[in-house]
Each structure stands twice: as structure tokens, then as C-alpha cells.
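What follows is a single structure, written as C-alpha cells, with notes after it.
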Amino acid sequence: MKLVVIIASDSDAERLLKRLVEQGYPATKIGSTGGFLRRGNATILSGVEADEVDAVLAAVRAECRARTEHVPVHALPFFGEGATIAEPIEVRVGGAIVFVLPVERFEKT
Ligand code: 2BA
């Protein structure tokens, strides 16, 4: 068994959760916050058999499309304070970050 951990934007995560559940994959959505942008995002956990991981990743690719956005440096927490760069910086938004972890043990009580 594998645990697929997916970090996605809030809007993409909602559609992804719907698609996973419709396809019969269990999923849990947890509210989270990106450390760099400090924007709300969502973390989805899905525990599936090893041979189902590719199908879960296909759903992620279908629902989470990356795009870029220009963010003013002064709007960035930590980095923005006292920033001397005037140009907005380009950041990736949307898309997903995925970790696939081995599951040592799974129990349902
Ligand atoms: P954030 O940390 O808010 O990062 C949002 C986006 O800002 C990142 O998109 C990346 O394009 C950019 N970014 C992050 N750190 C940067 C830096 N030091 N300088 C310039 N640009 C930077 P993604 O890479 O798609 O990441 C989206 C969200 O996924 C992240 O939100 C974070 O919540 C999570 N994440 C990404 N990589 C991770 C990792 N290795 N471990 C844990 N969480 C991760």
C-alpha cells in the first residue's frame, strides 16, 4: 500500500477530491498553508494499492494545472519586509506537489 500526499491549490483540490471519490479512491482533504506565499492550499491524503498510484497521479494531472502569477515582493511575508526589489516575482500557482510514501501498516478499527 502507498500513501499519496498531494498539495494543491484550494480550487483545484476541491475538483480533485470529487474526481478521486467518483473513481473509487479514498481521499481526505486537510486545509494547509504554503510556507512561501502563505496562501491557503489543501493537502489531500489518499491511501491506495501500489498499482493504483498511477491512476491517482493521472487524476492529479487532469485537475491540477500549473500556471504562473506575478506577486509583488512586498506582499510576501518574511521576504517582503524591507524588500529592495521593486519588480514583482514570478511564482508557480496551481499545479500540485505529490509525495508517494510506502505504508508500513494500515488498520481500520
Ligand atoms: P508555497 O510554499 O506557498 O509556495 C508557492 C509557490 O511559490 C511554489 O509553488 C513555488 O513556485 C514558489 N516558491 C516557493 N518557495 C520559493 C522560494 N524560496 N523562492 C521563489 N519561489 C518560491 P510549488 O512549488 O508548486 O509549491 C506549492 C506549495 O506546495 C507550496 O506553497 C508548499 O505549500 C508546498 N510544497 C512545495 N514543495 C514542498 C516540499 N518539498 N515539501 C513540502 N511542501 C512543499
Side-chain angles (χ1 to χ4, degrees):
M1 191 180 197
K2 302 282 183 186
L3 179 65
V4 186
V5 179
I6 305 150
I7 305 171
S9 70
D10 272 329
S11 51
D12 290 348
E14 203 45 54
R15 289 197 318 273
L16 176 60
L17 194 71
K18 188 167 174 278
R19 182 185 279 246
L20 289 175
V21 170
E22 276 171 4
Q23 293 184 349
Y25 300 114
T28 299
K29 186 178 127 184
I30 304 169
S32 46
T33 304
F36 186 65
L37 295 180
R38 309 296 282 205
R39 287 187 188 164
N41 55 27
T43 300
I44 293 178
L45 307 178
S46 184
V48 294
E49 295 305 324
D51 62 3
E52 295 174 320
V53 169
D54 284 343
V56 171
L57 291 179
V60 173
R61 287 192 197 98
E63 297 297 352
C64 306
R65 300 268 166 80
R67 59 197 184 280
T68 55
E69 203 173 272
H70 289 85
V71 178
V73 176
H74 63 77
L76 294 172
F78 309 127
F79 293 87
E81 215 170 293
T84 49
I85 313 163
E87 295 292 308
I89 63 160
E90 190 177 277
V91 291
R92 199 181 94 109
V93 294
I97 297 294
V98 182
F99 302 91
V100 181
L101 313 173
V103 174
E104 197 169 303
R105 187 164 158 173
F106 172 77
E107 281 188 37
K108 203 176 212 175
T109 60

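Owing to the predicted nature of the structure, the values given are computational and were not obtained by experimental measurement. Values below: all heavy atoms of this structure, side chains included; hydrogens, waters and symmetry mates excluded. Counting starts at 1 for both ligands and their atoms, following the listed order.
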(request) Report the C-alpha distance between Val93 and Ser9 in whole Å, list the side-chain angles of each, state the deciding distance to 0.1 Å, and finish with yes or no for side chain to side chain contact (heavy atoms under 4.5 Å, CB included). (result) CA-CA 7 Å; Val93 294; Ser9 70; over 6 Å; no
(request) List the steps, then state whether side chain to side chain contact (heavy atoms under 4.5 Å, CB included) holds for Val56 with Ile6. (result) CA-CA 10 Å; Val56 171; Ile6 305 150; 4.3 Å; yes
(message) Working note: Val91 + Arg39, criterion side chain to side chain contact (heavy atoms under 4.5 Å, CB included); need CA distance, chi angles, decisive distance, verdict.
(response) CA-CA 12 Å; Val91 291; Arg39 287 187 188 164; 5.8 Å; no
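Close approach of ligand 1 to Gly34 is summarised as follows: ligand atoms under 4.0 Å from at least one heavy atom of the residue are 1 (P), 2 (O), 3 (O), 31 (O), 33 (O). With ligand atoms numbered from 1 in the order given, ligand 1 contributes 1 (P), 2 (O), 3 (O), 4 (O), 7 (O), 12 (C), 13 (N), 14 (C), 15 (N), 16 (C), 17 (C), 18 (N), 19 (N), 20 (C), 21 (N), 22 (C) to contacts under 4.0 Å with heavy atoms of Phe36. Counting atoms of ligand 1 from 1 in the listed order, those under 4.0 Å from a heavy atom of Asn41 are 28 (C), 31 (O), 33 (O). Each of the following atoms of ligand 1 lies closer than 4.0 Å to a heavy atom of Leu37: 1 (P), 3 (O), 5 (C).
Taking the side chain as every heavy atom from C-beta outward, Glu63 and Asp12 never approach each other to under 4.5 Å.
Here Glu52 does not pair with Lys2 in a salt bridge; the nearest charged N to carboxylate O distance is not below 4.0 Å.
Within a 6.0 Å radius of CZ in Arg65, other residues, nucleotides and ligands contribute 12 heavy atoms or fewer.
Not one N or O of Ile7 is nearer than 3.5 Å to an N or O of ligand 1, by distance alone. Where the criterion is an N or O separation shorter than 3.5 Å, residue side chain and backbone included, Thr33 fails it with respect to ligand 1. The distance criterion of under 3.5 Å between nitrogen or oxygen atoms is not met by Phe99 with respect to ligand 1. Of the polar atoms of Gly35, at least one N or O is found under 3.5 Å from an N or O of ligand 1, judged by distance alone.
Atom 37 (N) of ligand 1 has its nearest heavy-atom neighbour, among Thr43, Val71, Ile6, Ile97, in Ile97. Nearest-residue assignment for atom 6 (C) of ligand 1 (options Glu90, Arg38, Arg92, Glu69; heavy-atom criterion): Arg92.
Under the side chain to side chain contact (heavy atoms under 4.5 Å, CB included) criterion, Ile97 pairs with Ile7, Arg92, Phe99, sequence neighbours left out.
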